[in-house]
Q: 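Okay, here's the structure, questions in a sec.
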Number of protein chains: 2
Amino acid sequence: MSQSRRAGRDLRRRPVAAASDATRRGRLDGRIGFQLRMAQDASFRAFARDTGVRDLRPGRFAAMTVIHNNPGITQTTLSRAIARDKSTVTPLIQDLERRGLVARVRSRTDRRCIALRLTASGEDMLLVLEAHAASHDRRLDRIVGPAKPALIRLLKSITDGLA
Amino acid sequence: MSQSRRAGRDLRRRPVAAASDATRRGRLDGRIGFQLRMAQDASFRAFARDTGVRDLRPGRFAAMTVIHNNPGITQTTLSRAIARDKSTVTPLIQDLERRGLVARVRSRTDRRCIALRLTASGEDMLLVLEAHAASHDRRLDRIVGPAKPALIRLLKSITDGLA
DNA sequence: TATTGTTATACTCTATAACTATA
DNA sequence: TATAGTTATAGAGTATAACAATA
């Protein structure tokens with residue numbers, strides 16, 4: 001905090017809300033890529049807005065979930081699981097460690113590696129986040145209805161198919 | 001360009017590729033929000049990778065498409081159409097104007113407003129981008145197959161439903 | 001007073017390259 | 001030489017607040 005803060009009361013960017021209309025978007029509207037972007041954006045904003053947790057955005061949440069499900073995972077493996085460079089993971093994990101949510105232990109078999117684990121308070125926090133995510137998901141479920149499994153399958157096939 | 005460039009040969013961030021696996025992602029995998037993020041990310045990277053156009057990312061492309069479809073649109077209206085703050089649109093449009101792709105004309109009826117239009121070369125560029133987007137979309141179409149209309153509908157309902 | 005667009009400011013996310021320490 | 005993680009650096013994207021011009 002080298003400089004005085006002048007800006008908003010809130011660190012989480014992106015209020016704005018969803019796109020307006022009456023404006024013609026042309027072919028954009030029929031493009032999967034564009035609609036993907038709009039939906040992702042809306043979901044992201046809604047998650048941030050609805051969640052009471054004021055500083056663990058979806059990225060941290062995803063990392064914590066992966067660590068929870070793969071105790072002892074290394075940073076490089078984690079980086080592949082969330083499709084980010086390892087240099088992106090370093091500060092992310094440092095942040096989680098600073099908050100006492102993640103513990104880092106040097107591996108004794110390969111001293112280059114660091115094994116990641118959630119701390120007890122990390123597990124607690126994950127439960128809280130899970131609850132929020134679940135309620136956010138219920139909202140999404142209500143919107144997509146019975147098409148949910150199909151939607152998930154389609155999204156996965158896009159992710160895999162474009163790799 | 002006030003400073004020397006040290007980094008890569010390419011301004012477009014985000015190589016990396018898609019997520020790896022063998023790693024358990026737990027409930028994340030069944031979450032619409034998460035899968036939306038992964039698919040959007042993959043689509044974004046693929047678009048950037050496949051497109052020959054080396055410096056007009058999806059955001060610019062979307063803005064240009066909206067301007068093309070709504071000649072004379074104002075910046076504020078555009079900002080609503082693409083769900084971004086007007087202060088975000090200012091530098092975006094300045095960039096497009098600098099490249100000679102967009103023309104800005106002060107409205108004579110309301111001198112606060114600026115009417116946006118694509119220049120001739122902006123229209124040309126849009127055609128090139130359209131071609132790339134179309135080929136990217138064909139790839140997506142091949143992946144999602146006949147489910148495309150349903151997918152588009154679902155994504156739109158998510159965007160609208162979360163507003 | 002309200003709105004359009006601009007500016008000043010700043011923060012998040014992400015990457016590349018080079019580096020250290022291991023292996 | 002190759003890999004794990006860190007650091008230095010940088011840029012894209014986006015936002016809030018305040019402001020000037022205009023309505």
Side-chain angles (χ1 to χ4, degrees), chain A residues 1-17 37 40-41 44-45 48-49 55-63 72-80 82-95 97 104-116, chain B residues 1-17 37 40-41 44-45 48-49 54-63 73-80 82-95 97 104-116:
Chain A
M1 234 156 285
S2 49
Q3 275 300 74
S4 72
R5 309 258 356 289
R6 212 179 61 109
R9 60 211 53 127
D10 212 62
L11 296 181
R12 287 149 293 337
R13 280 299 96 78
R14 30 182 98 192
V16 168
R37 189 156 82 105
Q40 204 280 313
D41 200 58
F44 186 85
R45 288 178 203 265
R49 170 160 35 85
D55 40 78
L56 278 173
R57 330 276 254 52
R60 310 287 150 103
F61 176 41
I73 191 174
T74 67
Q75 292 188 190
T76 296
T77 304
L78 170 62
S79 82
R80 280 192 292 264
I82 60 176
R84 294 292 175 268
D85 191 85
K86 60 191 163 75
S87 71
T88 299
V89 168
T90 295
L92 192 166
I93 292 298
Q94 282 174 343
D95 176 58
E97 188 186 32
R104 293 154 28 100
V105 179
R106 200 107 226 169
S107 160
R108 298 174 51 120
T109 54
D110 183 341
R111 300 188 45 69
R112 292 172 302 181
C113 298
I114 293 174
L116 303 172
Chain B
M1 233 151 286
S2 49
Q3 274 300 72
S4 70
R5 308 253 3 286
R6 209 180 63 108
R9 60 211 53 124
D10 213 63
L11 296 181
R12 286 148 292 339
R13 282 296 99 77
R14 24 185 103 193
V16 168
R37 188 155 83 106
Q40 204 281 311
D41 201 59
F44 187 85
R45 288 180 202 265
R49 169 159 36 83
R54 283 276 131 261
D55 41 78
L56 278 172
R57 329 278 255 44
R60 309 289 151 102
F61 176 42
I73 191 175
T74 68
Q75 291 187 192
T76 296
T77 306
L78 170 61
S79 82
R80 278 192 291 262
I82 60 177
R84 294 293 174 267
D85 191 84
K86 60 191 163 79
S87 72
T88 298
V89 167
T90 295
L92 193 166
I93 291 297
Q94 281 173 343
D95 175 58
E97 188 186 33
R104 293 153 30 98
V105 178
R106 201 107 226 169
S107 160
R108 298 174 49 120
T109 54
D110 183 340
R111 299 187 47 69
R112 291 172 304 183
C113 297
I114 292 175
L116 302 173

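Per chain, numbering begins at 1; letters A, B, ... match sequence-line order. Since this is a predicted model, take the numbers as computed values, not measurements.
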Q: Tell me if a side-chain donor or acceptor on B/R84 pairs with a main-chain N or O of B/S79 at a distance below 3.5 Å.
A: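 Not confirmed, B/R84 side chain does not pair with B/S79 backbone.
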Q: If you check the A/Q94 side chain, which of D/dT7, D/dA4, C/dC13 turns out closest?
A: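 Out of D/dT7, D/dA4, C/dC13, the nucleotide with an atom closest to A/Q94's side chain is D/dT7.
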Q: Given C/dG5, is OP1 or OP2 found less than 4.0 Å from the side-chain N or O atoms of B/R104?
A: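 Indeed not, no polar side-chain atom of B/R104 lies that close.
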Q: Show your reasoning for whether side-chain contact (heavy atoms from CB on, under 4.5 Å) applies to B/Q75 and B/R104.
A: CA-CA 10 Å; B/Q75 291 187 192; B/R104 293 153 30 98; 2.8 Å; yes
Q: Tell whether A/S87 reaches the base of C/dT16 with its side chain through a donor-acceptor pair below 3.5 angstrom.
A: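 A donor-acceptor contact between them is present.
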Q: Expressed in angstrom and rounded to an integer, what is the separation of A/L116 atom CG from D/dG5 atom P?
A: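 These atoms are roughly 7 Å apart.
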Q: What is the distance, rounded to the nearest whole Å, between atom CG of B/D85 and atom P of D/dT16?
A: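 Rounded to whole Å, this separation is 6 Å.
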Q: Please classify the nucleic acid contact of B/S107 as base, sugar-phosphate, or nothing, using heavy-atom distances under 4.0 Å.
A: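 Touches nothing.
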Q: I'd like to know whether CZ of A/R108 has more than 12 heavy-atom contacts from other residues, nucleotides or ligands below 6.0 angstrom.
A: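 Result for CZ/A/R108: open.
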Q: Whether the side chain of B/R60 engages the backbone of B/L92 through a donor-acceptor N/O pair (distance < 3.5 Å, no angle test) should be reported.
A: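 Judged by distance alone, no pair lies under 3.5 Å.
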Q: Between atom CD1 in A/I114 and atom C1' in D/dT6, what is the gap in whole Å?
A: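 My rounded result for the distance is 9 Å.
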Q: By nearest heavy atom, map A/Q75 and A/R37 onto DNA chain D; which one lands nearer the 5' end?
A: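 By nearest-heavy-atom nucleotide position, the 5'-most residue is A/Q75.
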Q: Suppose we call a contact any N or O donor and acceptor under 3.5 Å apart; does that hold for the side chain of A/R112 and the base of D/dT3?
A: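 It does, because a donor-acceptor pair links the side chain of A/R112 to the base of D/dT3 below 3.5 Å.
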Q: Give the rounded distance in Å between these two atoms: CG of B/D110 and P of D/dA23.
A: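 The answer, rounded to whole Å, is 5 Å.
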Q: Under a 4.0 Å N-O cut-off, is there an ion pair linking A/R37 with A/D41?
A: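 No, A/R37 and A/D41 are not salt-bridged.
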Q: So what does A/T88 hit on the nucleic acid, given a heavy-atom distance under 4.0 Å: a base, only sugar-phosphate, or nothing?
A: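 Base: the residue A/T88, judged by heavy atoms under 4.0 Å, touches a nucleobase.
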Q: Taking atom P of C/dA15 as reference, at what distance in whole Å does atom CZ of B/R57 sit?
A: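 That distance rounds to 12 Å.
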Q: Nearest-Å distance, CD1 (A/I93) to P (C/dT14)?
A: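 Atom-to-atom, A/I93 to C/dT14, this comes out as 13 Å.
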Q: Measure from CG on B/L92 to C1' on D/dA15 and round the result to the nearest Å.
A: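 From B/L92 CG to D/dA15 C1': 14 Å.
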Q: Assign each of A/P91 and B/T90 to its nearest nucleotide of DNA chain C by heavy atoms, then name whichever residue's nucleotide is nearer the 5' end.
A: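 Result of the comparison: B/T90.
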Q: Closest nucleotide of DNA chain C for A/K86 versus for A/R108: which of these residues is on the 5' side?
A: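 So the residue in question is A/K86.
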Q: CZ of A/R80 versus C1' of C/dA15: gap in Å, rounded?
A: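 After rounding, the reported distance stands at 17 Å.
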